[in-house]
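Here is the structure we will look at.
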Amino acid sequence: QVQLVESGGGLVQAGDSLSLSCAASGRTLSNYVVGWFRQAPGKEREFVAAISWSGSSRYYADSVKDRFTMSRDNAKNTVYLQMNSLKPEDTAMYYCAANGRGYYYSDYRRYDSWGQGTQVTVSS
């Protein structure tokens, strides 16, 4: 399995931007579809965004569409999540995850490898 480490979380104000990174090791990330998920206290883990292995296709939850942009740099074995116009409801632990099935899923149970998460807190 590929090992994933997220970074870039923090405390920001509503309307601010934040960029998350997910660095992979152990295996080449270009072989995986990668997703970002988030989980707030007391809530189920929810899909945020996903990107195909080549980066040519991207998928977003309706709640973040037009505000978040996911990208990847396979040469650096890293994926990114640029988050703009942040809202207090974006507050959560953010996780990146990889699946080797070659297809994007919004169901977190279809992903095999997970990072430890990075906390994003948006104050009003």
Side-chain angles (χ1 to χ4, degrees):
Q1 286 188 344
V2 61
Q3 287 78 49
L4 304 172
V5 177
E6 304 93 335
S7 62
L11 171 63
V12 296
Q13 293 187 332
D16 285 352
S17 297
L18 209 55
S19 181
L20 305 184
S21 298
C22 172
S25 62
R27 295 197 176 182
T28 302
L29 194 60
S30 60
N31 293 333
Y32 295 85
V33 170
V34 181
W36 283 98
F37 293 80
R38 65 187 182 186
Q39 188 167 19
K43 294 189 176 181
E44 191 158 329
R45 191 166 297 192
E46 65 172 352
F47 170 75
V48 175
I51 191 167
S52 63
W53 65 270
S54 67
S56 61
S57 298
R58 306 173 196 187
Y59 313 88
Y60 298 96
D62 288 342
S63 59
V64 306
K65 202 172 295 184
D66 299 326
R67 298 190 298 123
F68 290 11
T69 302
M70 188 172 181
S71 61
R72 69 190 300 162
D73 185 338
N74 286 337
K76 294 183 178 180
N77 239 20
T78 302
V79 298
Y80 307 95
L81 185 67
Q82 176 64 39
M83 306 185 294
N84 299 329
S85 303
L86 282 162
K87 305 175 181 180
E89 50 263 44
D90 294 319
T91 296
M93 184 71 79
Y94 283 71
Y95 301 89
C96 67
N99 89 67
R101 296 176 176 86
Y103 189 74
Y104 127 84
Y105 300 98
S106 60
D107 185 344
Y108 69 89
R109 291 165 291 188
R110 302 302 293 268
Y111 289 77
D112 310 302
S113 301
W114 290 83
Q116 83 291 346
T118 186
Q119 177 68 38
V120 172
T121 303
V122 185
S123 64
S124 57

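From a predicted model like this one, the values you see are computed outputs, not experimental measurements. For this chain, numbers begin at 1 and follow the sequence in order.
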Exercise for the section: Quick one: pull up OG in Ser85 and CZ in Phe68 and give me the separation to the nearest 0.5 Å. Expected result: 9.0 Å
Practice task
List the atom of Tyr95, the atom of Glu6, and the distance in Å for their closest heavy-atom pair.
Solution key: CA-OE2, 3.3 Å
Practice task
Look at the side-chain heavy atoms of Ile, Leu, Val, Met, Phe, Trp and Tyr, link any pair under 4.5 Å apart, and say whether Tyr59 and Tyr108 land in one connected group.
Solution key: yes
Practice task
Side-chain contact test, heavy atoms from C-beta onward, threshold under 4.5 Å: evaluate it for Thr69 versus Arg58 and give yes or no.
Solution key: yes
Exercise for the section: Without swapping roles, check the side chain of Gln116 against the backbone of Val5 for a donor-acceptor pair under 3.5 Å. Expected result: no
Problem - Residues forming a side chain to side chain donor-acceptor pair (under 3.5 Å) with Thr121, sequence neighbours excluded - result: Gln119
Completion exercise
Across all chains, not counting sequence neighbours, the salt bridge (Lys or Arg N to Asp or Glu O under 4.0 Å) partners of Arg101 are Asp112
Problem - Of all pairs that satisfy disulfide bond (SG atoms under 2.5 Å apart), the ones with a partner from residues 32-63, not counting sequence neighbours - result: none
Completion exercise
Rounding to 0.5 Å, atoms CZ (Arg67) and OH (Tyr60) come to a distance of 12.5 Å
Exercise for the section: Without swapping roles, check the side chain of Gln13 against the backbone of Ser123 for a donor-acceptor pair under 3.5 Å. Expected result: no
Fill in the blank from the handout: Those residues at least two apart in sequence (or on a different chain) that pass side chain to side chain donor-acceptor pair (under 3.5 Å) with Asp66 are none
Practice task
Identify the heavy atoms of Ala98 and Val2 that sit nearest to each other, and give their distance.
Solution key: CB-CG1, 3.9 Å
Show which side-chain atoms of residues 33-46 pair as donor or acceptor with protein atoms under 3.5 Å away, not counting sequence neighbours.
unit_1	atom_1	unit_2	atom_2	d
Arg38	NE	Glu46	OE2	2.6
Arg38	NH1	Asp90	OD1	2.9
Arg38	NH1	Tyr94	OH	2.9
Arg38	NH2	Glu46	OE2	3.2
Gln39	OE1	Arg45	NE	3.2
Gln39	OE1	Arg45	NH2	3.2
Gln39	NE2	Lys43	O	3.1

Exercise for the section: Among residues two or more places apart or on two chains, list those pairs meeting disulfide bond (SG atoms under 2.5 Å apart) that have a residue in residues 51-86. Expected result: none
Problem - Summary of disulfide bond (SG atoms under 2.5 Å apart) pairs that have at least one residue in residues 33-69, sequence neighbours excluded - result: none
Practice task
Return the set of residues passing side chain to side chain donor-acceptor pair (under 3.5 Å) with Gln1 (not counting sequence neighbours), or none when no residue passes.
Solution key: none
Exercise for the section: Could you identify which residues cluster with Trp53, counting Ile, Leu, Val, Met, Phe, Trp and Tyr as linked when any side-chain heavy atoms lie under 4.5 Å apart, either directly or through a chain of such contacts? Expected result: none
Fill in the blank from the handout: Interatomic distance, CH2@Trp114 vs CG@Asn99, rounded to 0.5 Å, equals 10.0 Å
Handout entry: Stepwise ring pair (Phe, Tyr, Trp, His ring centres under 6.0 Å) test for Tyr111 and Phe47
Key = CA-CA 11 Å; Tyr111 289 77; Phe47 170 75; 7.9 Å; no
Exercise for the section: Would you list the pairs meeting disulfide bond (SG atoms under 2.5 Å apart) in which at least one residue belongs to residues 14-124, sequence neighbours left out? Expected result: Cys22-Cys96
Exercise for the section: For Asn74, check side chain to side chain donor-acceptor pair (under 3.5 Å) against everything at least two apart and list the hits. Expected result: Arg72
Problem - Residue pair Tyr104, Ile51: steps toward the side chain to side chain contact (heavy atoms under 4.5 Å, CB included) verdict - result: CA-CA 7 Å; Tyr104 127 84; Ile51 191 167; over 6 Å; no
In a table with atom names and distances, give each donor-acceptor pair under 3.5 Å that connects a side chain of residues 77-84 to protein atoms at least two apart or in another chain.
unit_1	atom_1	unit_2	atom_2	d
Asn77	OD1	Leu29	N	2.8
Asn77	ND2	Ala24	O	3.4
Asn77	ND2	Arg27	O	3.2
Thr78	OG1	Lys76	O	2.8
Gln82	NE2	Asn84	OD1	2.9
Asn84	OD1	Ser17	OG	2.9

